[in-house]
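Presented below is the structure to which this report refers.
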There are 2 protein chains.
Amino acid sequence: MQPGYDPHAFTPFAVTVDLAVFTVRSGVLHTLLIRRGQEPYAGDWALPGGFVLPRESAETAARRELAEETGLAPDLVAALHLEQLRTYSEPDRDPRMRVVSVAFTALVPDLPEPHGGGDAADARWLPAGEPGPPVPLAFDHERILADARERVGAKLEYTCLATAFCPPEFTLGELRQVYETVWGAELDPANFRRKVLATPGFVEAVPGAARLTGGRGKPAALYRPGPAGTLAPPLLRPRPEGTAR
Amino acid sequence: MQPGYDPHAFTPFAVTVDLAVFTVRSGVLHTLLIRRGQEPYAGDWALPGGFVLPRESAETAARRELAEETGLAPDLVAALHLEQLRTYSEPDRDPRMRVVSVAFTALVPDLPEPHGGGDAADARWLPAGEPGPPVPLAFDHERILADARERVGAKLEYTCLATAFCPPEFTLGELRQVYETVWGAELDPANFRRKVLATPGFVEAVPGAARLTGGRGKPAALYRPGPAGTLAPPLLRPRPEGTAR
DNA sequence: CCCTTTATAGTCAGAGTGACTATTAAGGGA
DNA sequence: TCCCTTAATAGTCACTCTGACTATAAAGGG
């Protein structure tokens, strides 16, 4: 404790939000990134986000920034499932000043191309490859993105969130591809089907003899997300090895 | 967007940390609470915590505040496993000003009684009963505490964290009581033992014919925490019912 | 010297899962 | 038009894990 230390003084911080929004496009996990229009890191790619305004909660700010910077449809942004990831507060993470950032994760189905707005000179879906995205990111956003990817992978194990990556009606093959893409592992189609259908409330069949084809092969039945939120028992990803089971 | 809106303005926020520190005392989950010495809520009970200083990360601040306000041994506080819970940022959660708070969770073995210090007029372990603690808490700390309790219960399922509630050497009965206390459910001693011992790296037997008694009954073998961090497959808590499995 | 209590061992049946094989229903070419 | 390839779907089998129990061992308290 320094001399003259006042236990009730407080440092003013800027508070921002950052969003790691994921989608699956043709078998590859993509993240929504923007190109920064302002310093610092002007011209670099970054997660969408920005300052929290005086009367906003972090989540409200996250939705506002997402809509402003990417031009995604407002009703879609309002309905989005946002989950708080964690808060990043290292003292030097922003060169301008003391900034703490509350990071969020969201999962969306394959959407139309976004377009830049607000502080964003551009907005685009870029692959969120295993080592990282194909471009360096501003601030500590690569770290945030890596944390978010890990969280999403873990959540697929014990929640029904995978359906958030799918359109309103989807085949079990599409759902399986979500798991395979996020986990980077192949799953046995028959076993996957058995597991999903055996979990009450995970998906429900679209009643009509509705079926559809993604190309060739036997047409698949269509399903909708069911009311269940959690998967008990979980659908564990194949462990690399060495780890128990 | 308002007229005159400046997208680069930012509101100054105060950033605080709050800690939900849990322990198990004689079969009851307890939380470390302090009695506030300052307004607002002076005299009320609250989670330990306080303002983040200019050059601190949230986690550093959490450790400092915990040591200051509760007098827990510094080396213990330094070694503590702190996990970020989430950040609370509702605009009116603090009547003084705009404050966002980063909440942390920690698990400790049964420790000596703490003593107030810093802003805390008093510090004490109080039961964190199911509906909530026996006293009303300041700010939104009851909400934070409830979130933390839920998180701890969930983490016991798929991590080896339960040993953090135990002294350096413990019996499987003590470890089982941790689960029973946090989950509020009874577990079969034999099945629990089988599961724990079958998970490589969860616990390791203390080699010497060391054994100990908590009172009556056959003496139990002693174990130490093992190197494993996660439990795969998980040790699922008994589901209330209705839920699958 | 019994009785109660807790630890520990062992059994059994059923659920859940990984690895496979077989069948069905399209689409694409030759 | 007739194979071939592809993907969905059905069904098997062995093995693991778990919940429910029974049995035995080793204290401490009357």
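Atom set for the values below is all heavy atoms of this structure, side chains included, hydrogens, waters and symmetry mates excluded. These numbers were taken from a predicted model, which means no experiment stands behind them.
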Any chance you could lay out the side chain to side chain contact (heavy atoms under 4.5 Å, CB included) test for A:Asp110 and A:Val24, step after step, and finish with the verdict?
CA-CA 6 Å; A:Asp110 196 358; A:Val24 172; over 6 Å; no
What integer distance in Å separates A:Leu175:CG from D:dT9:P?
12 Å
Any protein N or O atoms within reach of nucleotides 2-6 of chain C? Criterion: under 3.5 Å, listing atom names and distances.
unit_1 : atom_1 : unit_2   : atom_2 : d
C:dT6  : O2     : B:Lys218 : N      : 3.2

Intermediate values then yes/no, salt bridge (charged side-chain N to carboxylate O under 4.0 Å, His left out), A:Arg124 and A:Glu113:
CA-CA 7 Å; A:Arg124 203 168 294 179; A:Glu113 207 60 35; 5.0 Å; no
What do the steps show when you test B:Glu186 against B:Arg237 for salt bridge (charged side-chain N to carboxylate O under 4.0 Å, His left out), and what is the final call?
CA-CA 10 Å; B:Glu186 296 212 336; B:Arg237 60 188 130 179; over 6 Å; no
Going by the rule ring pair (Phe, Tyr, Trp, His ring centres under 6.0 Å), which residues pair with B:Tyr179 if we only count those two or more places apart in sequence or in a different chain?
B:Trp183, B:Phe192
Rounded to 10°, the helix from C:dC1-D:dG30 to C:dA30-D:dT1 deviates from straight, judged by its five-pair end axes, by 0°
Rounded to the nearest Å, what distance is computed from the CD atom of residue A:Glu174 to the C1' atom of nucleotide D:dT9?
16 Å
Can you say whether a donor on the side chain of A:Arg194 sits under 3.5 Å from an acceptor on the base of C:dG18, or the other way round?
yes
What is the separation between atom CD on A:Gln177 and atom P on D:dT6, rounded to the nearest whole Å?
16 Å
Just how far, in rounded Å, is C1' of C:dT8 from CG of B:Leu222?
15 Å
For A:Lys195, enumerate each residue passing the salt bridge (Lys or Arg N to Asp or Glu O under 4.0 Å) test, keeping only those at least two apart in sequence or located in another chain.
none
So which of residues 183-191 of chain A are in contact with DNA chain C, with a heavy-atom cut-off of under 4.0 Å?
A:Asp188, A:Ala190, A:Asn191
Distance-only donor-acceptor check, side chains A:Asp18 and A:Tyr88, under 3.5 Å:
no
Excluding sequence neighbours, so at least two apart, what forms side chain to side chain contact (heavy atoms under 4.5 Å, CB included) with A:Pro127?
A:Val28, A:His30, A:Pro134
Go through B:Arg143 and B:Asp147 one step at a time and tell me if the salt bridge (charged side-chain N to carboxylate O under 4.0 Å, His left out) criterion holds.
CA-CA 6 Å; B:Arg143 161 86 187 284; B:Asp147 289 349; 3.3 Å; yes
To the nearest Å, how far apart are B:Leu197 CG and C:dT8 P?
8 Å
Would you say A:Arg193 reaches D:dA8's phosphate, i.e. side-chain N/O to OP1/OP2 under 4.0 Å?
no
It should be established whether B:Lys195 places a side-chain nitrogen or oxygen under 4.0 Å from OP1 or OP2 of nucleotide D:dC17.
no
Closest non-hydrogen atom pair between B:Ala148 and B:Ala20, with its separation
CB-CB, 3.5 Å
Can you tell me the distance, in whole Å, between the OH atom of B:Tyr158 and the P atom of D:dC17?
21 Å
Heavy-atom pair of closest approach, residues B:Thr70 and B:Pro114:
O-CB, 3.3 Å
Non-hydrogen side-chain atoms of B:Leu175 and B:Thr171 separated by less than 4.5 Å
no
